[in-house]
Amino acid sequence: MSSNLNINAGGDLTAPTPQNTPLNQAPISLGLSRPTVPDISEDNEDDGEGKLAELVGRSSGYIENLPDDVKANVEALVGLQTKQNELQNQYKLECLELEKKYLGLSQPLNERRKAIISGSKPATKEEVAAGEQAHLKDDEEYTALPKDVEASSSGIPEFWLTALRNHPGIGDLITDRDADCLKTLTDIQIEYLADSNAPTEDTKGKPGFKILFHFSPNDYFENTVLTKTYIYQAEVSFTGDFVYDRAIGTEIKWKEDKDLTTEFEIKKQRNKTTNRTRLVRKAKPADSFFNFFSPPVPPTPAQLEEGDFEEEELEEIEDKLEIDYQIGEDFKEKVVPHAIDYFTGKALEYEFEDDEDDYDLDDEDDEEGDDDEDDDSEDDAPPRRKKGTAAAGGQVNPEECKQQ
């Protein structure tokens, strides 16, 4: 199933969802690489892609030329498919209800996690022992803590900042300027949408989820909670998956001169009449994690019909929407439920594990390549990705990876 967005003149917009975006192969984790297929003719691109493009959307005439009594059977199958779609829609909605149920069951655990991180209720000896047992199961050489150690009442400083920085993609959004503010991030929670917490009237009754970022008082903004809401369309797509409708972010109430999404530059300005110069302070957009709360806006059907966007502009919007939706999914499916694994870096092993399987070469092949320097077969092999690359080298840059 495709994980790419699709913007067309009809105004349809699709995006990756929990069902059609595999957790371990999410585009954001792999540098947002788009799936590719070889051209029909590598030597003459126009002979392949050009002819195929001309056929897209055109009927072969087969259906139109069928006898009417056979067409009746075709129409009957269309009717059956409608009922099948209704069942699929009901199935997905019930799956969503099941997700809500288990999120509710996990809430006490998440509250306990919050208390340990903040230090309001330090970890008990039983909880520490359970963690050590889990470590021993994964690593027989793990060294247990001294028996007389008491859990700190100061909690775990910079827990969420560290966890976010260790996520490939999300960590790449965090600048040095953001880090000081994100140190005051105390918790991240997930809520599924209901009429009671719908962000707008027109989103009531639509499925979706909300990410809540809780902050302690800080020097940057007045908000104590920043939210990002992802809304699905009411009905599932042709493939039987939920389709994103749009995303809505919190308006951040920045304190004076503390807006991390804006930076200022001082320029000289000369008066043409008096020839005098003065210094002018101009604002310009800045890279920041907090741009996440100002999501890209998909074009409206009217804008598409009017041709307000060039093809390159539409592709750029599509890329931004895909990145935004994938980050939202990763918060919901990965970061929040597995926060401790991102804090320790353990999650990175799973982020790149499948990549290694895809690119792994037999040791015998490697040895043969070392023995024969003239063998150029190695040049054709895809590069290996080392485990922990993101942790060792900072963060994965989606834009750089996308160009590979």
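Just so you know, residue 1 is the first one in the sequence shown, and it goes up from there.
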> Only one of T262, D259, L260 forms a side-chain contact (heavy atoms from CB on, under 4.5 Å) with S288, so which one is it?
Replying inline: L260

Specify the closest pair of heavy atoms between [X] and [Y], including all atoms of both residues, with the distance to one decimal.
X	Y	answer
I317	P298	CG2-CA, 4.5 Å
P337	K332	CD-O, 3.3 Å
A286	N291	O-ND2, 3.0 Å
P299	F309	CB-CE1, 3.5 Å
L321	P296	CD2-O, 3.5 Å
A339	A163	O-CB, 3.9 Å

Close side-chain approach of [X] and [Y], heavy atoms under 4.5 Å:
X	Y	value
I188	L185	yes
D245	T203	no
I248	P295	no
V74	L77	no
E99	Y192	yes
E191	N197	yes
Q107	N110	yes
K183	D180	yes

Considering only NZ, NE, NH1 and NH2 on the basic side and carboxylate oxygens on the acidic side, decide whether [X] and [Y] come within less than 4.0 Å.
X	Y	answer
K346	E349	no
D324	K228	yes
E86	K83	no

Nearest 0.5 angstrom please: [X] [atom1] to [Y] [atom2], how far?
X	Y	atom1	atom2	answer
L136	Q133	CG	CD	5.5 Å
I252	F293	CD1	CZ	6.0 Å
L314	D319	CG	CG	11.0 Å
T229	K206	OG1	NZ	13.0 Å
F209	L193	CZ	CG	9.0 Å
I340	H338	CD1	NE2	12.5 Å

> Is a donor on one side and an acceptor on the other found under 3.5 Å between the side chain of T250 and the backbone of T227?
Replying inline: yes

> Can you name the residues that form a ring pair (Phe, Tyr, Trp, His ring centres under 6.0 Å) with Y142, not counting sequence neighbours?
Replying inline: H135

> Run the side chain to side chain contact (heavy atoms under 4.5 Å, CB included) check on L93 and F242 step by step: do they pass?
Replying inline: CA-CA 9 Å; L93 290 174; F242 281 119; 3.9 Å; yes

Got a sec, which residues hit salt bridge (Lys or Arg N to Asp or Glu O under 4.0 Å) with [X], two or more places apart in sequence or on another chain?
X	answer
E313	none
D195	none
E150	K125

When the ring centroid of [X] is compared with that of [Y], is the distance short of 6.0 Å?
X	Y	result
F343	W160	no
Y220	F215	no
F331	F213	yes

> Pairs in or reaching into residues 105-124: which pass salt bridge (charged side-chain N to carboxylate O under 4.0 Å, His left out), with residues at least two apart or in two chains?
Replying inline: R112-E127

> Among pairs that include at least one residue of residues 246-255, which meet salt bridge (charged side-chain N to carboxylate O under 4.0 Å, His left out), considering only residues two or more places apart or in two chains?
Replying inline: D202-R246

Using the side-chain hydrogen bond (donor to acceptor under 3.5 Å, both in side chains) criterion, which residues pair with [X]? Sequence neighbours excluded.
X	value
H214	Q189
E256	none
Q90	E94
T175	D178

> Can K101 and E97 be said to form a salt bridge (Lys or Arg N to Asp or Glu O under 4.0 Å), step by step?
Replying inline: CA-CA 6 Å; K101 172 186 174 180; E97 290 303 315; over 6 Å; no

>> Once side-chain hydrogen bond (donor to acceptor under 3.5 Å, both in side chains) is applied, what residue pairs with a partner in residues 64-82 remain, sequence neighbours excluded?
In response: S59-E64, Q81-N85

Which donor-acceptor pairs under 3.5 Å do side chains of residues 151-159 form with protein atoms, sequence neighbours excluded?
unit_1 : atom_1 : unit_2 : atom_2 : d
S152   : OG     : S154   : N      : 3.0
S152   : OG     : S154   : OG     : 2.6

> Going through the checks in order, is the side chain to side chain contact (heavy atoms under 4.5 Å, CB included) test met by Q88 and Q84?
Replying inline: CA-CA 6 Å; Q88 185 72 10; Q84 183 79 0; 5.6 Å; no

> With under 30° as parallel and over 60° as perpendicular, where do the rings of Y230 and F292 fit, or are they tilted in between?
Replying inline: tilted

> Yes or no on side chain to side chain contact (heavy atoms under 4.5 Å, CB included) for Y102 and L98, after CA distance, side-chain angles and deciding distance?
Replying inline: CA-CA 6 Å; Y102 280 91; L98 197 60; 3.9 Å; yes

> Does D308 CG have over 12 foreign heavy atoms under 6.0 Å away?
Replying inline: yes

> Would L182 and F290 satisfy side chain to side chain contact (heavy atoms under 4.5 Å, CB included), going step by step from the backbone distance to the final call?
Replying inline: CA-CA 10 Å; L182 287 173; F290 293 94; 3.8 Å; yes

